[in-house]
Amino acid sequence: MKQNLYETLIQKNAHRLSALQRKLSLLSFGRITSFLLFLGGMLFGYFTHPGFYFAGWASFAVFVALIWAHSRKKEEERGLLAERQALQGMLDRKSGAWRQFPDDGAEFLGETCPPRGKDLDLFSKNSLYQYLCRCHTSYGRRALADRLRSDAPGREQILQNQQAVRELAQREEFSLALEALGILMEQRSRKTDGETIEAFLSLSKEKPPTLPVFWRVGMWLLPFVTLFFLISAIIGVYPSVNLGLGFMSVLLQLLAAGICWNQNNRILAPLLDFAGSVGPYRAIFEKIQSEDFRSEKLSKLQQELSGAAGALKALASVATAVEARKNPFGFLFLGGLLMWDFHCADRFCAWTAQYGEGLSRWLAAVGEFEADMSLAVPANVRRESAFPSIEENGPTLRGGGLKHPLLPEETAVGNSIGLGAQTCVITGSNMSGKTTFLRSVGLNLVLAYAGGPVAAASLTVSPMALFTSMRVEDDVSAGISTFYAELLRIKEMVEFSRTGRPMICLIDEIFKGTNSADRIYGATETIRRLSLPHSMILVSTHDFELCNLENDPKVKALNFHFSEQYTDGGIQFDYQMSPGRCRTTNAQYLLKMAGIL
């Protein structure tokens with residue numbers, strides 16, 4: 001756990017920010033003073049002695065220099081504030097304040113998300129995504145969501161991801177710097193990053209429009225003619241004639257800009273929205289390129305970004321030119337003298353032709369970096385975490401001190417388990433910890449398959465398809481009851497079991513939506529159907545009759561239970577899973593506590 005590191009870095013950040021803000025105050029005072037001296041120099045020069053003009057213009061030069069210096073320091077201040085936000089986010093994950101993070105990934109709970117997305121709290125409020133996410137680009141958010149909701153990849157892919165996540169966990173200061181740049185990028189985007197990127201990419205993937213020959217000739221010829229006439233007038237060559245011709249040329253250029261205003265705006269609109277993100281993305285590319293990575297995956301991603309920083313530097317130049325046309329005076333001056341809009345559109349089209357196809361690859365590479373450093377969060381904020389061992393042959397699940405990763409580490413209780421192709425029947429009283437344990441297993445499997453560290457002292461797993469049946473809901477509009485919705489979940493498990501691929505099923509309170517006789521019969525037959533050499537089943541129940549499955553040679557069942565103790569002060573749970581079946585119940589006690597009995 002790197003709490004001391006974050007607290008130290010926050011203190012350093014606060015000292016640097018305080019010193020910087022003092023400098024900004026001095027620069028602001030200097031700007032006002034130098035501008036007043038400029039005005040005073042002009043006035044004294046006019047009313048008293050021309051020598052004051054020199055002092056006035058010198059003060060103006062100081063004023064311009066201070067504006068530039070203030071702008072640079074202001075940019076540095078924004079960087080420090082973003083760094084502090086990234087640091088505070090890591091401390092919030094330790095304190096539990098992460099539950100207030102605005103990005104909870106609720107949009108990823110769509111039709112493509114399997115039931116475990118809701119069952120295991122992978123997305124939405126108080127979710128694993130909300131706890132982990134350090135992504136500030138749409139590519140990063142999507143990459144993290146895909147890693148959490150996708151089926152388990154092969155062992156080699158898991159190990160590659162794990163190696164990358166482990167390295168980023170060790171390079172936490174690099175990850176903090178990368179996240180701070182992402183925060184800056186978010187702050188500067190006019191729209192959400194996803195909207196900005198999609199609009200920009202849609203243009204960069206298209207064939208760049210080509211200006212007609214007439215306009216291409218005009219964009220170079222008219223500025224030359226205009227400047228020729230105006231300069232001739234200034235140096236005294238037929239001044240009246242050349243001045244008139246020069247102004248006519250200026251009006252002709254402005255007329256051309258007005259005629260093609262909509263066309264040029266359509267070309268440049270995506271860049272206008274993306275312009276604020278160009279600087280931070282370029283800094284992100286440069287930051288990644290400056291590192292020396294050891295893991296195979298990160299090295300490949302770094303190679304993907306070869307040339308990206310240079311391309312963004314060229315795009316920044318175009319963006320600066322486009323920004324200049326937004327000012328009315330800039331538009332009149334540049335558009336009237338240099339056919340500015342046409343040159344901006346032409347330069348942007350040339351950029352998209354050269355770099356457009358590579359942009360999506362670069363952004364996807366950054367997204368993978370963000371996903372990997374998000375998955376490293378448990379290693380950086382927990383006192384105890386472990387990168388799991390991945391076995392090829394399964395099903396395998398062996399864990400020591402397995403905890404729910406979203407519960408406070410100090411109060412969460414760890415449990416150990418060791419299963420192969422077996423069935424684990426878990427009994428216990430209400431609120432004793434059965435469901436929490438199932439979710440602990442599921443969430444840690446999701447983390448393990450994504451390549452991240454798990455909330456456990458140790459864990460060994462094999463790649464398995466993960467199925468859940470927990471938060472089963474009815475669908476009145478479709479005429480589906482809760483019981484039938486659960487049947488559909490179980491049917492999906494049974495159908496997958498026929499493929500012969502390794503699988504693990506987490507079933508909470510199996511068939512609770514029907515009467516006890518049907519529930520016991522249905523649960524028994526379902527477990528027998530799912531008990532195969534390639535499947536592992538963890539099922540919680542209040543029906544002690546299911547514990548008899550341990551005597552069925554076809555099922556290979558093991559019984560575990562959670563229990564409670566009664567004292568004068570009430571009921572106490574230790575949340576420890578123990579071998580064997582449960583011998584206690586607490587429903588009547590809880591009914592009395594609630595005042596119902």
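Residues: numbered from 1 along the sequence shown. Hydrogens, waters and symmetry mates play no part in the numbers below; they use all other heavy atoms, side chains included.
- Counting all heavy atoms, side chain and backbone alike, Cys133 lies closest to Asp103 at SG-OD2, 3.6 Å.
- Between the side chains of Ser462 and Glu392, no donor-acceptor pair is found at a separation under 3.5 Å.
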Trp98/Leu406 under side chain to side chain contact (heavy atoms under 4.5 Å, CB included): CA gap, chis, key distance, verdict: CA-CA 10 Å; Trp98 62 269; Leu406 303 183; 4.0 Å; yes

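- Put simply, the side chain of Arg149 reaches to within 4.5 Å of the side chain of Pro114, judged on heavy atoms.
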Chi angles and distances behind the side chain to side chain contact (heavy atoms under 4.5 Å, CB included) call for Leu120, Thr468: CA-CA 8 Å; Leu120 301 178; Thr468 61; 4.2 Å; yes

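- With hydrogens and angles ignored, the 3.5 Å screen pairs no side-chain donor or acceptor of Arg282 with any backbone N or O of Ala316.
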Test side chain to side chain contact (heavy atoms under 4.5 Å, CB included) applied to Lys297 and Gln163, step by step: CA-CA 8 Å; Lys297 178 185 177 181; Gln163 187 184 26; over 6 Å; no

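- The closest donor-acceptor contact from the side chain of Ser34 to the backbone of Arg31 lies under 3.5 Å.
- When the side-chain hydrogen bond (donor to acceptor under 3.5 Å, both in side chains) test is applied to Ser317, the partners found at least two apart in sequence or on another chain are Arg347.
- Annotation: side chain of Phe101 is in contact with side chain of Arg93 (closest heavy-atom distance under 4.5 Å).
- In this structure, CG on Leu181 lies 12.5 Å from CD on Glu186, to the nearest 0.5 angstrom.
- Using a cut-off of 4.0 Å between Lys/Arg side-chain N and Asp/Glu carboxylate O, Lys313 and Glu286 are scored as not salt-bridged.
- Few gaps surround CD on Glu7; more than 12 heavy atoms of other groups in view lie less than 6.0 Å from it.
- Comment: Asp151 engages Arg116 in a salt bridge, judged by a side-chain N to carboxylate O separation of less than 4.0 angstrom.
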Worked verdict on Leu445 versus Val454 for side chain to side chain contact (heavy atoms under 4.5 Å, CB included): CA-CA 8 Å; Leu445 284 175; Val454 296; over 6 Å; no

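- Using a distance-only test at 3.5 Å, with no hydrogens or angles considered, no donor-acceptor pair links the side chain of Asp346 to the main chain of Phe342.
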Derivation of the salt bridge (charged side-chain N to carboxylate O under 4.0 Å, His left out) call for Glu107 and Arg142: CA-CA 10 Å; Glu107 68 270 25; Arg142 197 177 306 121; over 6 Å; no

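- The pair Glu83-Arg16 meets the salt-bridge criterion, since a charged nitrogen lies less than 4.0 angstrom from a carboxylate oxygen.
- Taking the six-membered ring where tryptophan is involved, the planes of Phe38 and Phe60 are tilted, since the angle between them lies from 30° to 60°.
- For the residue pair Arg171/Ser175, the side-chain donor-acceptor check at 3.5 Å is not satisfied.
- Across all non-hydrogen atoms, the minimal contact from Ala143 to Gly367 is CB-O, 3.8 Å.
- At least one donor-acceptor pair under 3.5 Å links the side chain of Gln289 to the backbone N or O of Gln302.
- Closest non-hydrogen pair, Met464 versus Ala152, comes out as O-CB, 3.6 Å.
- Side-chain N or O atoms of Glu167 include one that pairs as donor or acceptor with a backbone N or O of Arg294 at under 3.5 Å.
- Looking at heavy atoms from C-beta onward, Val441 lies in side-chain contact with Leu397 at the 4.5 angstrom threshold.
- Taking the centre of each ring, Phe35 and Phe63 come in below the 6.0 Å mark.
- Two residues are said to be in side-chain contact when any heavy atoms from C-beta on lie closer than 4.5 Å; Tyr131 and Leu443 fail this criterion.
- With contacts defined as side-chain heavy-atom distances shorter than 4.5 Å, the pair Leu27/Ile67 does not qualify.
- A salt bridge between Arg398 and Glu391 is present, with a side-chain N of the basic residue lying under 4.0 Å from a carboxylate O of the acidic one.
- Taking 4.5 Å as the limit, some side-chain heavy atom of Tyr449 sits within range of a side-chain heavy atom of Ile158.
- Nearest heavy atom pair, residue Leu375 against residue Pro453, reads O-CD, 3.0 Å.
- Under a 4.0 Å N-O distance rule, the pair Arg78/Glu75 qualifies as a salt bridge.
- With hydrogens and angles ignored, the 3.5 Å screen pairs a side-chain donor or acceptor of Thr411 with a backbone N or O of Pro408.
- Within the 6.0 Å centre-distance limit, the rings of Phe369 and Phe293 are counted as a close aromatic pair.
- We find that Lys300 and Glu368 are not joined by a salt bridge, their nearest charged nitrogen and carboxylate oxygen being 4.0 Å or further apart.
- Taking the charged nitrogens against the carboxylate oxygens, Lys94 and Glu409 do have a contact shorter than 4.0 Å, which makes a salt bridge.
- The shortest side-chain heavy-atom distance between Phe285 and Val366 falls under the 4.5 Å cut-off.
- Gly452 approaches Val165 most closely through the heavy-atom pair CA-CG1, 4.1 Å.
- Minimum interatomic distance between Leu407 and Arg382 (heavy atoms only, all atoms of both residues): O-NH1, 4.3 Å.
- Using a cutoff of 4.0 Å between basic side-chain nitrogens and carboxylate oxygens, Glu172 and Arg134 are scored as salt-bridged.
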Stepwise salt bridge (charged side-chain N to carboxylate O under 4.0 Å, His left out) test for Asp372 and Arg147: CA-CA 10 Å; Asp372 284 332; Arg147 297 271 282 278; 2.7 Å; yes

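- Residues Gln303 and Ser306 form no side-chain contact, since every pair of their non-hydrogen atoms from C-beta on lies 4.5 Å or further apart.
- Atom OG1 of Thr396 and atom CD1 of Ile504 lie 10.5 Å apart (nearest 0.5 Å).
- Between the side chain of Gln162 and the main chain of Pro388, a donor-acceptor pair closer than 3.5 Å is present.
- In terms of modelled atom types and a separation under 3.5 Å, the side chain of Asn13 and the main chain of Leu80 share a donor-acceptor contact.
- Using a 4.0 Å cut-off between a side-chain N of Lys or Arg and a carboxylate O of Asp or Glu, Glu76 and Arg72 do not qualify as a salt bridge.
- Lys125 places a side-chain N or O within donor-acceptor distance of the main-chain N or O of Arg99, the cut-off being under 3.5 Å.
- Here the side chain of Tyr129 pairs no donor or acceptor atom with the backbone of Leu148 at under 3.5 angstrom.
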